[in-house]
Number of protein chains: 2
Amino acid sequence: MRATTKPRRRDRGRNAARTQAVILDAAERLFAEKGFEETSLAEVGRLADVSRATPGYFFGSKGSLHRAVLERCFEDIRRAVREGKERALASGQTPDVILAGAVADYADFIAARPNFVRLIEREALSDRRVLDGMPLRSAVWQEALAAFRQELGLDISDTTEAAHLLLSLVALTWFPIVHGRTFLKAVGLDPGAPEFGDQRKRHITTLLLGALRERAAFTSGIPS
Amino acid sequence: MRATTKPRRRDRGRNAARTQAVILDAAERLFAEKGFEETSLAEVGRLADVSRATPGYFFGSKGSLHRAVLERCFEDIRRAVREGKERALASGQTPDVILAGAVADYADFIAARPNFVRLIEREALSDRRVLDGMPLRSAVWQEALAAFRQELGLDISDTTEAAHLLLSLVALTWFPIVHGRTFLKAVGLDPGAPEFGDQRKRHITTLLLGALRERAAFTSGIPS
DNA sequence: ATTAACTTGCTTGCTGTCCAGCAAGTTGGC
DNA sequence: GCCAACTTGCTGGACAGCAAGCAAGTTAAT
């Protein structure tokens, strides 16, 4: 009937690595946007423009595909953490300036990859313990914590404080990604508006800097 | 074989209201812990100690049951918001003290009902738009925002600032509930430890108070 | 007795996985 | 260069399991 009834399979020939990457992209998107159970392998195949059975052929099972997606995601995050750390340490700035920079960097990274947040959030909620058996996951956060502490010049006794600060940074940055169209809209914030991003960064920076200064004032022994 | 092979059906006789409540409790727990798709009506029935089909009998469909669970959840939250507001306004304290109290109250409320957080977080992530058609949801957050602004004495021009503050409070409070066994463990925090709760409350209070004071200093026109 | 509160049985649709097959490519002998 | 033997990439069909919803039954309260 139609002239081009269907582009059918794409022109690209047989190429396992390429196909796997395309499947991972499709799966990442669907798992992030719809969740693990709500996504069928057939759907992944359709979005990747391969057959229904190809995802299973390459990744063995749906669970393995999911794990592969998360693994790739954490590798990206680790790379970002390392780059951010190097940049911060090379800048030689004061902790204040470094913290402000870290907030901006991290917020930008997250804004560019919202699906990472959705994937991780989903997995944290899930009772499937996929994340448990993934050494990379734990390692990434530990690395981030170490970098954070080093950049801000917090000594060994401040580990807990640094952990709370990092936790707060992550919490404050992730929340709008997940609740953009629900909570944020309800309180009159539009995460899509052009000014929102900077507004939010400034707010987060203010919060964290306040706590950092409070801590500095305390340890330098200001009289009560 | 066993003396009490099965308690079978509960002794309590027929009572629609009671049964519905039990079903709602079971569904709330399962939807929160395992998610919508991963939960079957049969499982809800089992946990509620009724037959496989009873949830469907009372709530019509799985989707309606889910909506009923969320509705009840938001009603509870609204009640908490109203009580908190009354208490805060009746206390007649300064904004600083009130904010500290609000943080503590809210953190306690959330800690007592972690499943509310999981439910809402799941629904925010979901592409099912159940929350969209729920006027109560939006109303609750708006009410919370208004209360927050009033308690802290922020005038009308500070709406955006108040929204960001409230958003931050919620983000900071919810995060440990969701990521307790993943992120928190990785950075060496144990959300189950007895001291964690107070530690976290103090940290959050510090953060928010810093921002509030900054704002006060700014508007009262301190020279640069 | 009538109605409402449940329950058991069944159907229907969907999805993950296994399997056999085929076609595109690669290798090695001549 | 050429062809045959073999490998790899990818597909469609079949099957089994499970869950939602319906329908027809069974019991308890009023």
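Each chain gets a letter, A, B and so on, in the order its sequence line appears, and its residues count up from 1. Bear in mind that the values here come from a model prediction, so they are computed numbers and not experimental data.
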What is the distance from CG of B:Asn15 to C1' of D:dT27, rounded to the nearest Å?
-> 16 Å
Whole-Å distance separating the CG atom of B:Leu30 from the P atom of D:dA19 = 12 Å
How long is the line joining CG of B:Leu65 and P of D:dA19, in whole Å?
-> 16 Å
Report the distance from atom CZ of B:Phe58 to atom C1' of D:dC22, rounded to the nearest whole Å.
-> 17 Å
Rounded off to whole Å, could you give me the CZ-to-P distance for the A:Arg46 and C:dC14 pair?
-> 11 Å
Plane angle bin for A:Phe36 and A:Phe31 - parallel if under 30°, tilted between 30 and 60°, otherwise perpendicular = tilted
So what does A:Ala53 touch, heavy atoms closer than 4.0 Å: a base, only the sugar-phosphate, or nothing?
-> base
Can you tell me the distance, in whole Å, between the NZ atom of A:Lys62 and the P atom of D:dC18?
-> 15 Å
Closer than 4.0 Å, any side-chain N/O of A:Thr19 to the OP1 or OP2 of D:dC10?
-> yes
May I ask you to say whether B:Lys85 pairs ionically with B:Asp105, meaning some side-chain N is under 4.0 Å from a carboxylate O?
-> no
Distance in angstrom units between A:His66 NE2 and C:dT17 P, rounded = 14 Å
What orientation do B:Phe183 and B:His179 show, parallel under 30°, tilted 30 to 60°, or perpendicular over 60°?
-> perpendicular
Residue B:Ser61, side-chain heavy atoms: nucleotide from D:dG21, C:dG16, C:dA5 that is nearest = D:dG21
Toward the 5' end of DNA chain D, which comes first, B:Glu37 or A:Tyr57, by nearest nucleotide?
-> A:Tyr57
If you pin B:Glu43 and B:Arg14 to their nearest nucleotides in DNA chain D, which one's is more 5'?
-> B:Glu43
Kindly assign one of parallel, tilted or perpendicular to the pair A:His164 and B:Phe196, based on the angle between their ring planes and the thresholds 30° and 60°.
-> parallel
Base D:dG9 to side chain A:Arg18, donor-acceptor N/O within 3.5 Å cut-off = no
Any chance CZ of A:Arg72 has more than 12 other-residue heavy atoms, nucleotides or ligands included, within less than 6.0 Å?
-> yes
What is the distance from CZ of B:Phe31 to P of D:dA19, rounded to the nearest Å?
-> 13 Å
Considering only side-chain heavy atoms of A:Ser51, which listed nucleotide, D:dG21, D:dT11, C:dG16, is closest?
-> D:dT11
Report which part of the nucleic acid B:Ser64 touches: base, sugar-phosphate, or nothing (heavy-atom distance under 4.0 Å, all strands).
-> nothing
May I ask you to verify if any side-chain N or O of B:Thr54 is less than 4.0 angstrom from the OP1 or OP2 atom of C:dT7?
-> yes
Confirm from the modelled atom types if A:Arg52 and C:dG16 form a donor-acceptor pair under 3.5 Å, side chain to base only.
-> no
